[in-house]
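Presented below is the structure to which this report refers.
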2 protein chains.
Amino acid sequence: MEKTILIFGALILAILVLFKLSNYAIYKGDLSIELAIGVMAIVFFFIGLFINKRLNNRKSQESIEIDEQKIEELQISSREYEVLCEIAKGASNKEIADTLFVSESTIKTHVSKLFLKLDAKRRTQAIKIAKDLNIIPEL
Amino acid sequence: MEKTILIFGALILAILVLFKLSNYAIYKGDLSIELAIGVMAIVFFFIGLFINKRLNNRKSQESIEIDEQKIEELQISSREYEVLCEIAKGASNKEIADTLFVSESTIKTHVSKLFLKLDAKRRTQAIKIAKDLNIIPEL
DNA sequence: AACGGACTCATACTAAAGTACCAAAGTTCA
DNA sequence: TGAACTTTGGTACTTTAGTATGAGTCCGTT
C-alpha cells in the first residue's frame, strides 16, 4: 500500500515536470501540441510497463525463496536437512546412505528426527509438509 | 513478436484517435493543454499496466498448468490419478482407501500400476517424477 | 569437568509398503 | 463376440520403512 502511494506520488510529480517542459517547448514554437501529447503518452506507457515488470519479478522471486528462518525455527540440523532433500528426490534409505557415506541406520535416525520436527508420520507426509513450509527446493 | 507489433499498432492508432479528440476539445475551448496532456499520460500509463498484467497472468497460469497431455501419454487412468494425488498429499494406503471408499488392496493395485507407468520404485520417487512432469497440482 | 546436542551406528522388532498371483464385473471397440 | 482395459478385491509373501532402545565420539558452552 505504501509502495502504491509512492508510485503515484512520483507519477504526479513527473506529470507536472513534463507539463512545464512541454509548455516551454510549445511557447518556443519547437514542438507542436500533437507531438508533445504523443511523447507524454508513450513515456507513461513505458513507465507503466516498467513498474509492473518490477513488481512481478519481485513476486516470482519470493515464491522460489527457501524459508531459512522456518528451518531454524524447526531446529532442523544441516545433516537432517540433507536427508530431507534426498527423501524429496525420491531416494530410498539405502540410496541416501550411499550418497551421504553413512549407514542406513544413521539415515533412519535422521528420518525419525525429521518426522518429530515436521510432525509427520511417513516420508510422503514429511515431503508435503516441507513443501508447504517452503523449506525444500522446488528443483 | 507478432503480439508486440499488434500491441504497438493499436497503441499508435489510439494515440491518433485521442489526438483528434483532444484537438477538437481544445479548439472548442473546453480543455486546456495541460489537462489534455495529463489525461493522455494517465490513460497510457494504465494501458501499460493493464497490458503487462495480462501478459504476466498468462505466464503464471502456464507454469501452474497441469500437463494433461502427458497424463494421456502415460495412460494414467482417472482412478490411478486420484490415487497419485492422494499419495502426493502424504496419505497412507489405508487413509487413501478410506478417502476413496475402496479397500487397501485396491489402492495397492493402483499404486503398482502407477509405479509401472511412471517408472518409479517407491512412492516418494513417483511423487518426484510426477512433479517434474507437471502432472500433479502444486497445491 | 559436566552437560547438551549433533552425528554416527547397532540390534530387535513392528508396521507399512511393495510384489506376485489370481479373479470377477463392467465398459468400449474392432 | 472376443479382446483389451479399468476397477475392484483377496491372499501370501518379501522388502522397506519406521520405532524403540542403547551406545560412542566430538564439539561447544557453562
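Remember, it's a predicted structure, so these values are computed and weren't measured experimentally. Naming: A, B, ... by sequence-line order, numbering from 1 per chain.
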Between the protein and nucleotides 11-17 of chain D, which nitrogen or oxygen pairs are less than 3.5 angstrom apart?
{"residue": "D/dA17", "atom": "OP2", "partner": "A/Asn93", "partner atom": "N", "Å": "3.3"}

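- The one candidate from B/Val111, B/Ile136, B/Ile127 that meets the side chain to side chain contact (heavy atoms under 4.5 Å, CB included) condition with B/Leu84 is B/Ile136.
- In this model, the phosphate group of D/dT19 is approached by a side-chain N or O of A/Ser112 to a distance below 4.0 Å at OP1 or OP2.
- Pairs engaging residues 79-88 of chain A under the side chain to side chain donor-acceptor pair (under 3.5 Å) rule: A/Ser77-A/Glu80, A/Arg79-A/Glu82, A/Glu80-A/Lys117, A/Glu86-A/Lys89 [sequence neighbours left out].
- Qualifying salt bridge (charged side-chain N to carboxylate O under 4.0 Å, His left out) partners for B/Lys70, counting only residues two or more places apart in sequence or in other chains: B/Glu73.
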So which protein N/O to nucleotides 24-28 of chain D N/O distances come out below 3.5 Å?
none

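- By the side-chain contact (heavy atoms from CB on, under 4.5 Å) test, B/Thr106 is found to be paired with B/Val102, B/Ser103, B/His110, residues two or more places apart in sequence or in another chain being considered.
- Listed by chain and number, the residues in a side-chain contact (heavy atoms from CB on, under 4.5 Å) with B/Ser112 amount to none (sequence neighbours excluded).
- Interface residues of residues 68-83 of chain B facing DNA chain C, ordered by number: none; criterion, heavy-atom separation under 4.0 Å.
- For DNA chain C, the outermost nucleotides in 5' to 3' order that have an atom under 4.0 Å from a heavy atom of chain A are C/dA6 to C/dA17.
- Considering only residues two or more places apart in sequence or on other chains, A/Glu72 meets the side-chain contact (heavy atoms from CB on, under 4.5 Å) condition with none of them.
- An angle of 40°, rounded to 10°, separates the two end axes of the helix from C/dA1-D/dT30 to C/dA30-D/dT1, each defined over five pairs.
- Using a 4.0 Å cut-off between charged side-chain N and carboxylate O, B/Lys121 and A/Glu95 make no salt bridge.
- The side-chain contact (heavy atoms from CB on, under 4.5 Å) test applied to B/Lys94 returns B/Ser92, B/Asp98, B/Glu104, not counting sequence neighbours.
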